Amino acid sequence: MSETRQYDVIIIGAGIIGANLAFEMSKAGYRTLNVDKLPAAGYGSTANSCAIVRTHYSTWAGVAMAYEGFHFWKEWDDYLGITDERGNAGFVQCGGVFIGDDSRYEDKVLPLFDEIGIEYERWDVDELTGRLPGIDTGEHTPPKRPEDDAFWEDPPKQITSAVHTPIAGYITDPQLATHNLQRAAEAKGGEFMFNTEVSGIRVEDGRVAGVDLADGTSIDASIVVNVAGPHSFVINEMAGVADSMAIKTRALRHEVHHVPSPAGFDFEKDGMLVGDDDLGTYFRPEVGNHILVGSQDPECDPQVWVENPDVFDHNITDSQWRAQVLRLARRLPALGVPGEKKGVVDLYDVSDDWIPIYDKTDLPGFYVAIGTSGNQFKNSHIAAYCLTRLIQAVEAGHDHDADPVKVEMPHTGLVMDMSVFSRNREINASSSFSVLG
Ligand SMILES: Cc1cc2nc3c(=O)[nH]c(=O)nc-3n(C[C@H](O)[C@H](O)[C@H](O)COP(=O)(O)OP(=O)(O)OC[C@H]3O[C@@H](n4cnc5c(N)ncnc54)[C@H](O)[C@@H]3O)c2cc1C
C-alpha cells in the first residue's frame, strides 16, 4: 500500500544547489522536501568539487552571477543565519592569477570586468615571479600531453602578462557548506530525506503531482525541481521533458589531483588560485600545505562522457595523473612528483554550451537547475535566489518563455535576465565551451 505525504515543493537532490534552493524557497514561504538517494547532503558531485570562487567567465551573465556569488560567500555566516553544530564552512580569499590566452582576456573577460566593475591588476612577469616565487614563466601554448615529445621542449618564449583579481579563493569544505545550507533550510521549516531514490515523476491532468520512490511509496507536491547533478538527464527522461528541451545535459568524468607543495614554498599560506590557460590546468592551495590541480579540458585531452552516471571508473588513471601533475611541474619546477597518486574522480553535469539551465519546463510545475558544467558551486546561492523568483513568477501565471523573468540581484543590484539560462536558448557562442564557462 502506498503512503502519501504532502509538500509544496519536492527538490530532487541535496547537493549544494539543491540544499541552497531549499533554503531560498523555505525563506519564500514554501514547504520544501529534498529527496536524495545518498546518505547525507553534499555527498554527490559537490563532495569532490574544488569549490573555487572566481569571476573570470566569458559571458556577461557568467561574470555577473559569479560576482554576486562572491558576496554571498563573504557574508556566509550572516546569510545562513545559523551556526551548524559541525561549524560553518570557511571562504579563503587567497586571490587568483590567470595566465595565458591573452586574447580571451582582452576580447572577453576584461571588458566584462570593466563593465561590471570587478577589480583587477595586470601583472608583468616580475610581479608574477615576485608574488609566486619559483614559478616558471615559460609559454607552452597550446597545452600538450607528456606522451608528446613537444611537451618536454624548452618553451620558445615567456608569457607576457597575467591578470590578478583579489576577489577569488575557495571554500574549505564543500560538503560542510552543503550541510550548513541543510541546517539553514531546516531552521526555516525545510525537510530532507536521505537514502531515498526517486524512481518516477507523477503527472496528473497535465501537471506534475509529485514523485514516486524506489521503495514503492510516493510523495505529493505541485512543484518538483530537478537538481540531480550528473543524473539530471535521467530525471528529465523520467519526467518526459528531455526531448522538449533544446539544450541537453550529459555527464563528463573528471579527475582532480592532490600533491604536496614544492619544498620551501608554503603554498597553502602564500599561494593563490592560478588559472593556467597556457598549460590547460588550474590549481589552488589545499589544506595541509598541498596543491589541488584540475584540468581545463585542453583539446589534446580525451573527454570521457559517461552514459550511466551510476557506473564510472572512480580510480585515478596513470595517464591523467601524469598529464596534470607534470603540467603543474612545468609551472612549478620545484614540485616533487609523488609516486602515490592522490585525488578525486567525479562527474560534471555538462550542458551543450557549458552554461547552466535554470528554468521551467514544458511540464507545468516541473523546473530544473541543471547543466552546472563544473563551474556552479560558487553560484549556488544566487542561482537558488534567481530560480526561486522565477518559480514564484511562473506559478503566479507569468509566461516566462514569452517575457523572460528578470531578477535584481541583492548585493550588486545587477539585473539578471533569466532567458540566458533557458532550456530553449540558442547555443551561447560567447561561452568558452569549457569548465571556465
Ligand atoms: C571534480 C569537480 C570539480 C569542480 N570544481 C568546481 C569549482 O572549483 N568551482 C565551482 O564553482 N564548481 C565546481 N564544480 C562544479 C560544482 O561542484 C557543481 O556545479 C555543483 O556541486 C553541483 O551541485 P548540485 O547540487 O547540482 O549536484 P550534486 O552535488 O551532484 O547533487 C545532486 C544530488 O542528486 C542526487 N540524486 C540524483 N539522482 C537521484 C534520484 N533518482 N533520487 C534521489 N536523489 C538523486 C544525488 O545523489 C546527488 O546528491 C566541480 C565539479 C566537479 C565534479
Side-chain angles (χ1 to χ4, degrees), residues 10-22 33-55 57 62 65-66 69-70 73 96 168-171 174-175 177-178 181-182 192-201 211-215 224-239 249 251-257 273 275 282-284 292-296 306 309-310 312 343-351 354 356-358 368-380 382-384 387 435-437:
I10 294 169
I11 298 167
I12 304 172
I16 190 80
I17 297 180
N20 218 139
L21 186 64
L33 173 71
N34 290 64
V35 181
D36 201 299
K37 61 183 181 177
L38 293 173
Y43 270 31
S45 67
T46 295
N48 289 321
S49 182
C50 299
I52 288 167
V53 176
R54 56 157 178 103
T55 49
Y57 283 71
M65 290 285 275
F70 161 79
W73 291 117
Y170 61 95
I171 306 305
Q175 195 276 328
T178 314
L181 287 164
Q182 177 192 340
F192 287 75
M193 280 175 79
F194 295 109
N195 297 309
T196 306
E197 181 170 355
V198 171
S199 57
I201 307 297
V211 297
D212 293 326
L213 303 179
D215 67 3
V224 173
V225 192
N226 175 3
V227 199
H231 291 79
S232 66
F233 71 93
V234 179
I235 302 292
N236 281 345
E237 279 163 15
M238 272 183 207
T249 55
L252 180 66
R253 183 183 177 282
H254 249 264
E255 298 189 16
V256 173
H257 303 130
L273 165 66
Y282 61 85
F283 51 99
R284 72 155 171 86
L292 179 160
V293 56
S295 169
Q296 291 192 12
V306 171
D310 290 319
F312 65 95
V344 296
V345 182
D346 219 314
L347 302 176
Y348 293 168
D349 175 36
V350 178
S351 79
W354 292 74
I357 311 172
Y358 299 134
V368 291
I370 61 173
T372 60
S373 303
N375 64 51
Q376 292 291 302
F377 178 91
K378 66 182 71 58
N379 290 344
S380 66
I382 186 57
L387 185 60
V435 69
L436 298 177

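First listed ligand is number 1; within each ligand, the first listed atom is number 1. Since this is a predicted model, take the numbers as computed values, not measurements. Because only heavy atoms are used, hydrogens play no part in the values below, and waters and symmetry mates are left out as well, while side chains stay in.
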Proximal candidate to atom 31 (O) of ligand 1 [heavy atom criterion; set Gly15, Ser373, Ala251, Pro309]:
Gly15
Judging by distance only, is a nitrogen or oxygen of Tyr43 under 3.5 angstrom from one on ligand 1?
no
Given that the side chain starts at C-beta and the backbone is N, CA, C, O, which of these parts of Ile370 lies under 4.0 Å from ligand 1, counting heavy atoms, or is it both or neither?
neither
What part of Ile17, side chain from CB on, backbone N/CA/C/O, both or neither, has a heavy atom under 4.0 Å from ligand 1?
both
Report yes if the side chains of Val224 and Ile12 come closer than 4.5 Å at any heavy-atom pair, otherwise no.
yes
Say whether Asp310 and His231, considering side chains only, have a donor N or O and an acceptor N or O under 3.5 Å apart.
yes
Residue and atom name of the nearest protein heavy atom (relative to atom 40 (C) of ligand 1), distance in Å to one decimal
Val198 N, 3.8 Å
Please confirm whether Val234 comes under 4.0 Å of ligand 1, counting heavy atoms of the residue only.
no
I need the Ile370 CD1 to Asn236 CG distance, nearest 0.5 Å.
4.5 Å
Counting each atom of ligand 1 from 1 as listed, which ones have a heavy atom of Gly18 under 4.0 Å away?
25 (O)
Contact partition for Ser380 relative to ligand 1, non-hydrogen atoms under 4.0 Å
neither
State, yes or no, whether a side-chain contact exists between Val435 and His254 at a heavy-atom distance under 4.5 Å.
no
Exactly one of Ser232, Ser45, Pro356 should register a side chain to side chain contact (heavy atoms under 4.5 Å, CB included) with Asp349. Which one does?
Ser232
If you measure from each non-hydrogen atom of Lys37 to ligand 1, which part falls under 4.0 Å: side chain, backbone, both or neither?
both
May I ask you to identify the nearest protein heavy atom to atom 6 (C) of ligand 1, giving residue, atom name and distance to one decimal place in Å?
Ser49 OG, 3.2 Å
For atom 3 (C) of ligand 1, what is the closest protein heavy atom, and at what distance to 0.1 Å?
Cys50 N, 3.5 Å
Return the residue, atom name and 0.1 Å-rounded distance of the protein heavy atom closest to atom 14 (N) of ligand 1.
Gly374 O, 3.2 Å
From the list Phe192, Tyr43, Phe194, side chain to side chain contact (heavy atoms under 4.5 Å, CB included) partner of Asp36 resolves to Phe194
Looking at OG1 of Thr249 and CD1 of Ile357, how far apart are the two atoms once the value is rounded to the nearest 0.5 Å?
6.0 Å
Heavy-atom nearest neighbour in the protein, as seen from atom 23 (O) of ligand 1, with distance rounded to 0.1 Å
Thr46 OG1, 3.3 Å
Working to the nearest 0.5 angstrom, can you tell me the gap between Asn379 CG and Phe70 CZ?
13.0 Å
Taking the non-hydrogen atoms of Ile235, is any one of them nearer than 4.0 angstrom to ligand 1?
yes
When you measure from atom 37 (C) of ligand 1 to each heavy atom in Glu255, His231, Arg253, which option holds the nearest one?
His231
Whether Arg284 engages the ring of Tyr170 as a cation-pi pair (distance to the six-membered ring centre under 6.0 angstrom, angle to the ring normal within 45°) should be assessed.
yes
for atom 33 (C) of ligand 1, nearest protein heavy atom and its distance come out as Asp36 OD2, 3.3 Å
Polar contact flag, side-chain donor to acceptor under 3.5 angstrom, Thr178-Thr46:
no
Quick test: of every protein heavy atom, which one is nearest to atom 18 (C) of ligand 1, and how far off is it to 0.1 Å?
Thr372 OG1, 3.7 Å
Among protein heavy atoms, which sits nearest to atom 53 (C) of ligand 1, and what does the distance come to when rounded to 0.1 Å?
Leu347 O, 3.3 Å
If I take atom CZ from residue Phe312 and atom CG from residue Asp346, how far apart are they, to the nearest 0.5 angstrom?
5.0 Å
Side chain, backbone, both or neither: which part of Thr178 comes within less than 4.0 Å of ligand 1 when only heavy atoms are counted?
neither
Tell me which one of Tyr348, Phe377, Tyr282, Phe194 gets a heavy atom nearest to atom 2 (C) of ligand 1.
Tyr348
